[in-house]
Amino acid sequence: MTAFRRLAGLLAVLWLAACGGPELNCDFVVVTKMPLDVQNKLLVVPVGIGGKWVKLLVDTGAERTALSEEAVNRLGLARDPKNVTRSTGLGGSFTAADATVPGLVLGGVRFPVERVSVAQLRFGPGLDADGLLGSDILLAFDLDLDVPNRMLTLYRARQCPEVNPPWREPYERVAGVRALRDRLLVPLELDGVKGMGILDTGAQATTIGPRMAARLGLTAQALAGDQIVRHHGAGPGMQEARLHRFGLLRIGPAVATGPMLSVLPVDAGVGDALVGEDFIDGRRIWMSFNSREVFIATAKPATGAER
């Protein structure tokens with residue numbers, strides 16, 4: 001059973017209370033709201049654990065919510081040797097016993113979460129976070145990531161004929177959204193080659209995996225002259241990649257001419273690509289795992305999301 005389905009069961013009482021019973025209810029029901037802090041283009045929210053606060057990176061690309069080992073030790077959390085998680089990211093693989101928690105408080109609402117994974121996390125400069133708020137929690141709801149107004153709102157998940165977000169501002173639907181395990185995939189087109197990318201709010205920039213690179217004809221020899229960049233994140237190490245200039249990238253309403261994108265030599269769970277914060281680009285975005293829908297505001301704010 002996936003982490004997403006386990007959490008869905010834990011939150012069933014909360015959802016039923018919000019919607020008034022098992023009958024179809026297409027109203028927009030707010031479950032909780034959290035202030036967003038934008039750090040080096042990434043999104044961080046405060047989360048309460050046992051009366052103390054931590055900062056978690058909003059990361060739809062992470063399958064599970066995780067705390068760093070340092071945060072677990074600082075909070076004095078017990079470990080559960082019966083539940084061991086092996087996490088794999090761009091920094092390699094790491095295996096550790098889960099940490100037990102007395103629930104998570106998001107925006108003043110306590111969520112009945114009993115365990116989180118423990119990870120070795122290496123964030124780049126300009127990002128201060130104690131862990132990841134992953135898709136096991138985030139995608140159990142419909143998400144309103146309002147970057148311009150610095151607010152993350154979790155709505156009760158809906159599955160209704162009318163799936164548009166509750167906004168007045170202009171927006172565009174991203175057609176062809178799919179789900180893979182506990183993550184959303186959005187279609188992209190890079191120099192005429194089509195693919196599906198994991199919508200990863202924990203990644204600063206769109207990153208190309210080796211599978212799509214092969215379809216683009218990018219051999220190791222073709223990339224040999226490109227600059228080497230290093231990716232950090234979940235895992236004890238780092239991953240080198242090549243920074244390659246492409247002609248045209250299309251992701252929904254977002255179009256980039258001449259983008260410089262990292263091309264990974266190994267898959268590391270990326271698939272075709274990771275679609276990062278450069279897709280959101282400081283705009284408001286609505287994500288619904290339940291309905292397989294993504295909407296993005298068409299108007300960009302006058303100033304960027306980064307402080």
Side-chain angles (χ1 to χ4, degrees), residues 1-15 17 31-37 39 42-124 127-141 143 152 154 181-183 200-202 232-238 268-269:
M1 182 182 292
T2 66
F4 172 79
R5 294 188 181 93
R6 285 196 298 269
L7 184 67
L10 286 172
L11 298 179
V13 174
L14 179 62
W15 289 348
V31 176
T32 192
K33 292 186 175 185
M34 290 164 279
L36 279 176
D37 184 17
Q39 299 182 13
L42 295 173
L43 310 175
V44 176
V45 293
V47 176
I49 300 177
K52 300 178 181 178
W53 291 98
V54 294
K55 301 175 183 178
L56 299 187
L57 174 67
V58 179
D59 191 352
T60 57
E63 290 192 18
R64 287 195 63 194
T65 294
L67 290 173
S68 68
E69 286 190 300
E70 294 81 5
V72 169
N73 294 334
R74 187 176 73 246
L75 295 171
L77 299 176
R79 305 293 281 270
D80 182 359
K82 295 182 180 179
N83 288 277
V84 177
T85 299
R86 179 180 175 85
S87 56
T88 300
L90 294 180
S93 297
F94 179 70
T95 302
D98 289 354
T100 59
V101 295
L104 299 179
V105 177
L106 309 178
V109 177
R110 181 184 177 276
F111 289 72
V113 178
E114 298 177 348
R115 297 189 308 274
V116 296
S117 64
V118 180
Q120 286 191 352
L121 302 171
R122 296 182 64 188
F123 298 122
L127 178 60
D128 176 23
D130 301 297
L132 311 172
L133 184 60
S135 63
D136 57 339
I137 293 177
L138 292 171
L139 296 186
F141 302 92
L143 301 183
L152 169 61
L154 305 186
R181 295 189 297 275
D182 295 345
R183 290 182 282 188
D200 185 0
T201 59
H232 301 281
M238 60 86 185

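Below, all heavy atoms of this structure are taken into account, side chains as well, without hydrogens, waters or symmetry copies. Computed from a predicted model, the values in this text were never measured in an experiment.
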How about [X] and [Y]: do any of their side-chain heavy atoms sit closer than 4.5 Å?
| X | Y | answer |
| --- | --- | --- |
| D128 | Q39 | yes |
| V113 | T65 | no |
| V44 | L36 | no |
| F123 | L57 | yes |
| V31 | F141 | yes |
| D59 | L43 | no |
| K33 | L154 | no |

Summary of side-chain hydrogen bond (donor to acceptor under 3.5 Å, both in side chains) pairs that have at least one residue in residues 71-82, sequence neighbours excluded
R74-D130, D80-N83
D98: partners by salt bridge (charged side-chain N to carboxylate O under 4.0 Å, His left out), with sequence neighbours left out:
R64, R115
Can you tell which of V47, L132, L77 makes a side chain to side chain contact (heavy atoms under 4.5 Å, CB included) with L67?
L77
Donor-acceptor pair, side chain of T32 and main chain of G107, under 3.5 angstrom
yes
Of all residues at least two apart in sequence or in a different chain, which pass the side chain to side chain contact (heavy atoms under 4.5 Å, CB included) check with S68?
E70, A71, L121
